[in-house]
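Counting starts at 1 for both ligands and their atoms, following the listed order.
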Amino acid sequence: MGAVRILVSNDDGIFSPGLQALAEVASEFAEVRIVAPDVEQSSMSHAITGTRPLSYRKTKIAAFEAYRVNGTPADCVALGISQLGPVDRVLSGVNLGHNIGHAIWHSGTVAAAKQAALLGVPAIAFSAPPWEEPMDFGPIKAGVNATLKSVLAGPPHPLLNVNFPAVPRGVRWTRQSFRHYDGRMVPGEDPSGRRHFWFTVVPIEQVEEGTDRWAVNQGYVSITPLRLDLTDERALQAAQRDSRPPA
Ligand code: MN
């Protein structure tokens, strides 16, 4: 088997220190290429660009071959896989801000990994606490290293969502926290007196044990296997059971 090839992307933009940290750890395991958005694309979820052409420019991130794309995280992964040759894994992040619970729906970080999974390439999304000055990437890089070591040794899971606490004290496999959501529109005013709004998401309920949010709150690295099939199996079975055959 030849060298493992890893494509690294993110949604914070190609110059994010989180992306460089991830590429540095990934390069201990594989040949790394970076394809990431030229500007920040956080909360873009799984948007793709269909109304204008995409292009990329070669650039350097530390010692890495890198390409910055005028598109979304999902665009970057699709373009990277199609134009730079096949890869064995896609890693996304490290996002500076957690992607747990319902934030997964909004996340561009998770969407980059999800795009890879849709194309049949196993992928992992990594997220850490929000940016702080000074930011210590030591514990995060150690966490990425430990995660990659264990995940790359096992059978490839199509899509994993990993969140780090500031200082990890262990690892927990978790489910997505479900009840925490309060998408609020907070009004404000611009300098000309015009009303504007910030869409903010505030956790509102008790943390459920065994979830991603619970693990990170307890100081554990959270690893959640995600799936691409959104079908509600129970509702489907109930509907099929209760429905009358067509007359
Ligand atoms: Mn982000």
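- In this structure, the separation between CZ on F29 and CG on D88 is 14.5 Å, given to the nearest 0.5 Å.
- Listed by chain and number, the protein N, O or S atoms at a distance under 2.8 Å from the Mn ion (ligand 1) are D11 OD1, D12 OD1, S42 OG, N95 OD1.
- Other residues, nucleotides and ligands contribute more than 12 heavy atoms inside 6.0 Å of the CZ atom of R169.
- Between the side chain of D212 and the backbone N or O of S177 there is at least one donor-acceptor pair closer than 3.5 Å.
- Counting non-hydrogen atoms of other residues, nucleotides and ligands closer than 6.0 Å to CG of L119 gives a total above 12.
- Other residues, nucleotides and ligands contribute over 12 non-hydrogen atoms within 6.0 Å of the CZ atom of R5.
- Under a 3.5 Å cut-off, the side chain of S243 and the backbone N or O of A239 do form a donor-acceptor pair.
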